Amino acid sequence: MSALLPELIDRITSSGPLSIAEYMQECLLHPTRGYYATRDPFGAGGDFTTAPEISQMYGELIGLCVAQAWLDRGAPKSFTLAEPGPGRGTLMADILRATRSVPGFHAAAKVHLIEASATLRNIQQETLKGYVITWCDAVSDLPQAPLFLIANEFLDALPIRQFIREGAGWRERRVGLDEAGENLRFGAGDSTCIEALKHRLVDTKDGDLIELCAPARAISAEISQRIANSGGLALLVDYGGWHSNGDTFQALKAHAFADPLKEPGDTDLTAHVDFEPLAQEAQHAGILASGLTHQGVFLERLGITQRAQTLAEGLTENALDAHIAAHRRLTHPEEMGTLFKAMALFEKDTPPPPGFNPPGANSL
Ligand code: SAH
């Protein structure tokens, strides 16, 4: 039995079913028994593999994209280079290696990592030894300075709530107990009208399920306000789409889908990211959101094929096969190429960062 299950059963027995958001929060971030607190989940021996863990090319191209965007914005002499949810620290390490030869970039960059897990902070420290790094608990702790922020597969880990349409109202999907009180079960509360979902009455029908991620919206607002005040940009890459329709709450264990209610705290829980609310927060703050771009297109525009060819020259046999497979995995439409989307938030009257669509093109 998972270490967290008895605690969840007690909590539900005493105070009633949990929202999906409360359940995700406990399972992922419980300080001693949560998923991220208790393991390094990445790579072949873990539960999932992310783009920076697939190939160094990913972080190198993102690094050059950020450096070019920094130059395009007048190369501010001091700026925050931030990454929320940095995992093993691999992406930041590749960004910093690739930008070493950009004059002035390292001297100006103050690296900030936003990480909830003490275990992963230790791994990041090891990966990034030799660099001066500041760790923060939340995006709101970042300094008020020009901000260049990269979030890769971070937003999908933030807690979502789910609502099922019933008439003009919505029933919230919850996690409760079966009749024996021994296992977790999905249920749903009573139908209520929800102001934040009023606009979804137009494009949904009875029985449809939609998702809201309040923390992602709040983080976009926080980042956008800093960019509006001090300049900079944010690059957000994740699986998802423009706005949600349907159940995307999922669990992964050992690289396979699992039941999200089985083994709480021992499986990775995520949901697809809705980019529309993130773009809306940018607009509220007076900055721009790029159109959505498929990850494959984004990486091709940044020159991944040329970089792959250069790296291939030094490789043979298995290493060459693995390198070719990694290029395909990052870009091919049947792999990560179209499932993953990239969106940039940036100031008005500045060009989108390299690789991104201009604002407005969201019909992917
Ligand atoms: N960006 C990395 C890791 C993605 S996994 C990569 O692409 O490889 C999600 C990361 O977000 C982990 O580092 C996890 O510990 C962190 N995380 C999850 N929820 C968080 C929260 N609320 N605040 C800060 N970090 C969080």
Side-chain angles (χ1 to χ4, degrees), residues 21-63 66 81-96 111-128 133-142 149-160 213-220 222-223 234-240 250-253 255 265 267-273 295 299 326 329-330 336 339-342:
E22 290 167 328
Y23 178 69
M24 277 181 91
Q25 179 79 17
E26 283 299 297
C27 291
L28 293 177
L29 296 180
H30 186 288
T32 53
R33 288 185 274 280
Y35 180 76
Y36 283 115
T38 49
R39 74 205 69 216
D40 169 3
F42 305 97
D47 294 324
F48 59 93
T49 304
T50 58
E53 300 296 335
I54 290 170
S55 167
Q56 67 185 73
M57 294 187 289
Y58 187 75
E60 290 171 351
L61 293 169
I62 300 260
V66 171
L81 179 60
E83 187 187 356
R88 280 181 177 165
T90 308
L91 176 57
M92 187 53 81
D94 290 338
I95 290 173
L96 291 171
V111 180
H112 285 66
L113 301 179
I114 299 114
E115 176 56 68
S117 154
T119 307
L120 289 176
R121 281 188 187 202
N122 286 337
I123 297 174
Q124 292 153 17
Q125 194 157 25
E126 188 58 29
T127 309
L128 291 162
I133 310 279
T134 305
W135 276 269
C136 320
D137 292 329
V139 167
S140 52
D141 297 336
L142 291 173
L149 176 142
I150 305 102
N152 186 73
E153 280 202 57
F154 164 67
L155 298 163
D156 64 70
L158 299 177
I160 55 146
C213 186
R217 199 179 244 284
I219 285 171
S220 181
E222 192 74 49
I223 294 168
L235 312 186
L236 312 175
V237 186
D238 226 307
Y239 43 92
Q250 65 183 39
L252 272 182
K253 192 172 174 69
H255 303 268
T267 63
D268 179 44
L269 297 179
T270 66
H272 284 208
V273 172
Q295 174 172 300
L299 294 175
R329 197 160 164 203
L330 289 174
M336 297 172 82
L339 174 64
F340 282 72
K341 316 289 191 309

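Note that the structure is a prediction, hence the values are computed from the model and not measured. Counting starts at 1 for both ligands and their atoms, in listed order.
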Could you check whether any heavy atom of [X] sits closer than 4.0 Å to an atom of ligand 1, since that is the contact criterion I want to use?
{"X": "Leu28", "value": "no"}
{"X": "Pro86", "value": "yes"}
{"X": "Glu83", "value": "yes"}
{"X": "Asp156", "value": "no"}

Nearest atoms (heavy-atom pairs only) where [X] meets [Y]:
{"X": "Pro41", "Y": "Leu120", "value": "CD-CD2, 4.3 Å"}
{"X": "Thr50", "Y": "Glu153", "value": "CG2-OE2, 3.5 Å"}
{"X": "Leu330", "Y": "Ser55", "value": "CD1-CB, 4.1 Å"}

Write out the residue and atom name of the closest protein heavy atom to [atom], then the distance separating them to 0.1 Å.
{"atom": "atom 8 (O) of ligand 1", "value": "Thr50 OG1, 2.5 Å"}
{"atom": "atom 7 (O) of ligand 1", "value": "Asn152 ND2, 2.8 Å"}
{"atom": "atom 22 (N) of ligand 1", "value": "Leu29 CD1, 3.6 Å"}
{"atom": "atom 23 (N) of ligand 1", "value": "Ala116 CB, 3.7 Å"}
{"atom": "atom 13 (O) of ligand 1", "value": "Glu115 OE1, 2.7 Å"}
{"atom": "atom 26 (C) of ligand 1", "value": "Phe154 CE1, 3.6 Å"}
{"atom": "atom 5 (S) of ligand 1", "value": "Tyr36 OH, 3.5 Å"}

Open item on the list: Considering Met92, Glu153, Arg121 one by one, which has a heavy atom nearer to atom 4 (C) of ligand 1 than any of the others?
Closed with: Glu153

Look only at the side chain of [X] and the backbone of [Y], and say whether a donor-acceptor pair between them is shorter than 3.5 Å.
{"X": "Ser220", "Y": "Ala216", "answer": "no"}
{"X": "Ser117", "Y": "Tyr36", "answer": "yes"}
{"X": "Asn122", "Y": "Thr119", "answer": "no"}
{"X": "His272", "Y": "Asp238", "answer": "no"}
{"X": "Lys341", "Y": "Gly240", "answer": "yes"}

Task: Structural part of Pro52 in contact with ligand 1, heavy atom criterion under 4.0 angstrom - done: side chain

Polar contact flag for [X] and ligand 1 (N/O pairs, less than 3.5 Å):
{"X": "Gly85", "answer": "yes"}
{"X": "Gly87", "answer": "yes"}
{"X": "Gln124", "answer": "no"}

- [ ] Go through the steps for Thr90 and Glu53 under the test side-chain hydrogen bond (donor to acceptor under 3.5 Å, both in side chains), then give the verdict.
- [x] CA-CA 7 Å; Thr90 308; Glu53 300 296 335; 2.7 Å; yes

Task: Geometric class of the Phe48/Tyr35 ring pair [parallel <30°, tilted 30-60°, perpendicular >60°] - done: parallel

